[in-house]
Amino acid sequence: MMNGFMYGNVFEEEERFQRQVIFPKLLCQNAEDFSFSRTSFNRDNVKAGTGRRFLGGLLDDSSYCYTLEVSFYSFVMGGTNTAIPYTEEAYMKLGRNVARTFADYYKLTNLRVERPQAPLGSCSREQPPALKGTLNPGAVSGQEGGRAKRSRMNQKDTPSTSRGFEP
């Protein structure tokens with residue numbers, strides 16, 4: 001198949017199904033290489049173990065899970081039959097359009113996105129938080145640079161010892 005398209009889940013409640021269709025329709029408006037007509041909503045048994053199906057059944061009724069598929073070959077813009085090869089830039093443009101679609105979706109549905117309270121720093125320069133509690137000697141196999149390493153043999157122990165410390 002050509003273009004980008006999505007797979008979504010099937011819900012018994014018509015209203016929930018209609019709400020789920022909003023995001024792919026918005027993406028179709030934002031991205032000329034996305035095809036809503038090729039988007040499919042299903043519950044095929046062969047897809048039962050996918051993240052989309054598993055999380056779709058696990059999350060609450062206001063959450064929707066999709067699989068975005070994009071052709072390795074090309075896309076066809078609406079109204080033409082000419083195949084346009086995908087390039088790295090075209091894939092990046094589709095990614096930007098997905099981000100724009102999230103913004104449009106949140107505006108349309110009046111959902112608020114909370115900003116972090118403190119500015120985010122660079123993860124590579126920050127020191128990891130110190131562990132509180134005492135180390136469990138049975139779960140420590142050695143010291144390296146002042147940090148304890150967990151023994152692979154003890155990872156199947158009880159939950160309190162598999163973390164390498166006791167609260």
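Heads up: numbering here begins at 1 and tracks the sequence.
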Side chains of T82 and T80: donor-acceptor distance under 3.5 Å anywhere? no

Just so I know, are the side chains of N3 and V76 near enough to count as touching, which here means a heavy-atom distance under 4.5 Å? yes

Do you know which two heavy atoms are closest between Y91 and S71, and how far apart they sit? OH-O, 2.6 Å

Closest non-hydrogen atom pair between L55 and C65, with its separation: CB-SG, 3.6 Å

Do I22 and F102 share a hydrophobic cluster (ILVMFWY, side-chain heavy atoms under 4.5 Å, transitive)? yes

Show the nearest heavy-atom pair for residues R53 and K47, with the distance to one decimal. CG-O, 3.0 Å

Consider only side-chain heavy atoms of I, L, V, M, F, W and Y, link residues closer than 4.5 Å, and tell whether L94 and Y105 are in one cluster. yes

Any side-chain heavy atom of M77 sitting closer than 4.5 Å to one from I84? yes

CZ of R100 to CG of L26, rounded to nearest 0.5 Å, is 14.0 Å

Tell me, do F41 and P24 make a side-chain contact under 4.5 Å, heavy atoms counted? yes

Would the number of heavy atoms belonging to other residues, nucleotides or ligands and lying under 6.0 Å from CG of N81 be above 12? no

Which heavy atom of L68 sits nearest a heavy atom of V70, and at what distance? CG-CG2, 4.1 Å

Please answer whether the main-chain N or O of N97 pairs with a side-chain N or O of T101 as donor and acceptor at a distance below 3.5 Å. yes

Linked, directly or transitively: F17 and Y66 (ILVMFWY side chains, under 4.5 Å): no

Tell me whether the count of non-hydrogen atoms from other residues, nucleotides or ligands lying under 6.0 Å of CD in E13 goes above 12. yes

Parallel, tilted or perpendicular: ring planes of F5 versus Y7, cut at 30 and 60 degrees: perpendicular

Under a 4.5 Å side-chain heavy-atom rule over Ile, Leu, Val, Met, Phe, Trp and Tyr, are F23 and L59 clustered together? no

Using 0.5 Å steps for rounding, measure from the OG1 atom of T67 to the CE atom of M6. 9.0 Å

Taking E32 first and then K93, would you say they form a salt bridge - that is, a charged N and a carboxylate O separated by under 4.0 Å? yes

Determine, stepwise, if the pair F34 / T39 fulfils side chain to side chain contact (heavy atoms under 4.5 Å, CB included). CA-CA 9 Å; F34 182 82; T39 294; 3.4 Å; yes

What is the minimum heavy-atom distance between F11 and Q20, and which atoms define it? CE1-OE1, 3.4 Å

Does the salt bridge (charged side-chain N to carboxylate O under 4.0 Å, His left out) test come out yes or no for E89 and R96, once each step is laid out? CA-CA 10 Å; E89 178 56 35; R96 287 189 299 272; 2.7 Å; yes

Can you give me the closest heavy-atom contact between R16 and S63, atom names plus distance? NH2-O, 3.4 Å

Same apolar cluster: F54 and Y64, side chain cutoff 4.5 Å: no

Counting only heavy atoms not in Q18 (residues, nucleotides, ligands), do more than 12 fall under 6.0 Å from its CD? yes

Could you walk me through whether D33 and Y86 pass side-chain hydrogen bond (donor to acceptor under 3.5 Å, both in side chains), step by step? CA-CA 9 Å; D33 56 337; Y86 266 110; 2.8 Å; yes

Is the shortest side-chain N to carboxylate O distance from R52 to E69 below 4.0 Å? no

Determine whether Q29 and K25 make a side-chain contact, defined as any pair of heavy atoms from C-beta on separated by less than 4.5 Å. no

